[in-house]
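Take a look at the structure set out below.
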Protein chains: 2
Amino acid sequence: MATRERPRRVTIADVARHAGVSTTAVSKVLRSAYGVSPAMRDRVKAAIEELGYRPHAAARAMRGRTFTIGVLLPDLRNPFFPDILDGLNERLAGTDYQAIMVQGGPGTEAEARAIEALVDRQVDGILMIAPELGRARLEEVAAQVPTVVLGLHERSAVYDAVHDDDELGAELVVRHLIGLGHRRIAHIGHLPGGRVRASAALHAIRAATYERVMREHGLEGEIPVALTSYSEEGGYEGARRLLARSPRPTAIFAGADSAALGALRALHEAGLSVPADVSLAGYDNTRLAALSSISLTSVDQDGEEMGRTAGRLLLERIEGRGSSVRFSVTPTLVPRRSTAPPGSSGERAR
Amino acid sequence: MATRERPRRVTIADVARHAGVSTTAVSKVLRSAYGVSPAMRDRVKAAIEELGYRPHAAARAMRGRTFTIGVLLPDLRNPFFPDILDGLNERLAGTDYQAIMVQGGPGTEAEARAIEALVDRQVDGILMIAPELGRARLEEVAAQVPTVVLGLHERSAVYDAVHDDDELGAELVVRHLIGLGHRRIAHIGHLPGGRVRASAALHAIRAATYERVMREHGLEGEIPVALTSYSEEGGYEGARRLLARSPRPTAIFAGADSAALGALRALHEAGLSVPADVSLAGYDNTRLAALSSISLTSVDQDGEEMGRTAGRLLLERIEGRGSSVRFSVTPTLVPRRSTAPPGSSGERAR
DNA sequence: ATGAAAGCGCTAACAA
DNA sequence: TTGTTAGCGCTTTCAT
């Protein structure tokens, strides 16, 4: 049973020998460092080409960089995250950096392990998407590796923050529903396993803003909230709980489109139609929300722009920036057919 | 402007000093290798604990393993892939291995770079999901790194293959549609950028089977195929092309649920309803297909099982298995409300 | 402008 | 059973 023949990798020494120069020269050419004559550069490049040399990332990691950006992804099913990754990859294209992703869920345990895994692998920078670990741990990591945190409104001296103006976004949704005439508006939120500061997490901000706007409109008596998770299952479970109440809410604001989809399932199972019986709104304006058979009112936040910015900030930090930065995108409401005035029974989505 | 203080990592030497033993001893304990007394093991473990030591992956990579499995993901938006990852992660949990993912699309160029990135980072094993690179390149990679290819029916001596019985799956769909009375059944397929052998790729098998079954039922005159891609955009574009034909197809078999969603959008835009005007079927039975507002007839393949198996096969290969293996799951049809007899106008989905 | 040589943290062959 | 030591491929002083 043929033992695997691992052909020895071409090393910098092979290239040097082939080009008749020193390994130092090759290394310099590779990093386009200062102090190489054009002649030598050409010979080395030719040798690299001929031998099909590729730098050994682990060896590089021992001394310098790995040219790797680690991305913590809490959940592969959230259809909003690919937008962020598109932006990041766009920014990284053309550089020598590669994004690798690790799944940080479900659970805080898994998230902690995933982050450790990135640190152990000596990535040059980390993008954490909506982490649930506590601030203390985040700062510990950020002290070792340039870090950008996406989704937390926490301000920190050691990492950069990129987020959406979740307060505005939630306000847009709730005002929209109130404007349509709803009073019994329920909310499906996300209950983190971890210890993020209540006010810092995006889901906490969306929930708090929902409550604030309700109060401002004298609806403090009607604040049913189901805290589950921003996921299909969470939305399903949350909607079931909310629908069991009496009187039933006439509208549901799900804190994320993924949860809204689950809520939709629960609504259908209960024989209720949207928006005739219950209006439904989400957040993230994912592509699914736009699907005409779903046509979900949602909040658009520019995920690609957030990803692009996160990439830029990471590269800047890797190049040595020490100060920290916050970046916020402004969301907009995208009304669709899933929301309508209460009791507007004729209005079924087609 | 505080320049970042990178606290020096705790190394194996620190642990050794702290425990009053040699680095070898520590290394052995870490790898639970043969030849350490329980007493020493305990002292070392205590020292590791006290110092918060974590092995440096890059240093390990120089000599031995990285304990990293690389996953090539062609597309983050395909809702079927998370099922595979769940299976893989389940298998890897409890081992020292970590899965990292790289995005291999869009385009063969990007895929090639993504695979290089994994090889450069010395992963111990690679899981390639539906790669489009040619067989030659796959085998080159597999000769260097234990590899499992998911989705290709290519048989190879150097890598393991995990796939669904796509021939059966496609047959189930087409027979189902024919059984409902359809004759003008169209297909939306995937046109790979790369050079996979025509017959080996899962999309090619689904398309070829579609044609075969159509022929077997004397429908060789009615084989409109749109080759775009297995994605929302691809499905949309494909459906638009198919709907422009005259006479219009009465049913569409999209080779993947993601494409079916795009087709659904095109159908709605054209003012057609499903299944009254056109029946629609997908493949993969993703969670979205089950959503009642979509209720898409689809083919279920057990992605989790495929992922679990891929993980197992990789670990086996890493442990030294040299022979190669194929694993196939059997798909089942899941009929839903998106398919119905042609012209059954009363039958709108609720 | 070029090259020699000292490590980076770890593993494994070998000695004791 | 335990420890000594020679690298793994690369970057980076420091000479030349």
Ion pair present between [X] and [Y], side-chain N to carboxylate O less than 4.0 angstrom?
X	Y	result
B:D124	B:R65	no
A:R317	A:D160	yes
A:D86	B:R77	yes
A:K45	A:E49	no
A:R137	A:E116	yes

Where along residues 53-60 of chain B does a heavy atom come under 4.0 Å from DNA chain C, residue by residue in number order?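 Those residues whose heavy atoms fall under 4.0 Å from DNA chain C, taken from residues 53-60 of chain B in numerical order, are B:Y53, B:P55, B:H56, B:A59, B:R60.
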In whole Å, I'd like the distance from the [atom1] atom of [X] to the [atom2] atom of [N].
X	N	atom1	atom2	value
A:R65	D:dT11	CZ	P	11 Å
A:L51	D:dG9	CG	P	14 Å
A:R63	C:dG7	CZ	P	9 Å
A:M62	D:dG7	CE	P	16 Å
A:R31	D:dG9	CZ	P	18 Å
A:F67	D:dC10	CZ	C1'	12 Å
A:I12	D:dT12	CD1	P	11 Å
B:R121	D:dC10	CZ	P	14 Å

For residues A:R121 and B:T68, is any side-chain donor paired with an opposing acceptor at under 3.5 Å?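 Yes - a donor-acceptor pair under 3.5 Å links their side chains.
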Do B:V71 and B:I100 touch side chain to side chain, with heavy atoms closer than 4.5 Å?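 Result no, sub-4.5 Å side-chain heavy-atom pair not found.
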Phosphate OP1/OP2 of D:dC10 contacted by A:S27 side-chain N/O (<4.0 Å):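 The answer is no; no side-chain N or O of A:S27 sits under 4.0 Å from OP1 or OP2.
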Protein and nucleotides 1-5 of chain C: nitrogen or oxygen contacts under 3.5 angstrom:
{"from": "C:dT2", "atom 1": "OP1", "to": "A:S37", "atom 2": "OG", "distance (Å)": "3.1"}
{"from": "C:dT2", "atom 1": "OP2", "to": "A:S37", "atom 2": "N", "distance (Å)": "2.8"}
{"from": "C:dT2", "atom 1": "OP2", "to": "A:S37", "atom 2": "OG", "distance (Å)": "2.8"}
{"from": "C:dG3", "atom 1": "OP2", "to": "A:S22", "atom 2": "N", "distance (Å)": "3.2"}
{"from": "C:dG3", "atom 1": "OP2", "to": "A:S22", "atom 2": "OG", "distance (Å)": "3.3"}
{"from": "C:dA4", "atom 1": "N7", "to": "A:T24", "atom 2": "OG1", "distance (Å)": "3.3"}
{"from": "C:dA4", "atom 1": "N6", "to": "A:T24", "atom 2": "OG1", "distance (Å)": "2.7"}
{"from": "C:dA5", "atom 1": "N6", "to": "A:T24", "atom 2": "OG1", "distance (Å)": "3.4"}

Excluding sequence neighbours, so at least two apart, what forms side chain to side chain contact (heavy atoms under 4.5 Å, CB included) with A:R308?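 Checked A:R308 against side chain to side chain contact (heavy atoms under 4.5 Å, CB included); matches are A:E90, A:R91, A:E304, A:E305.
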Does atom CD (A:E109) have a neighbourhood of more than 12 heavy atoms from anything else shown, all under 6.0 Å?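 Count not over threshold, so no.
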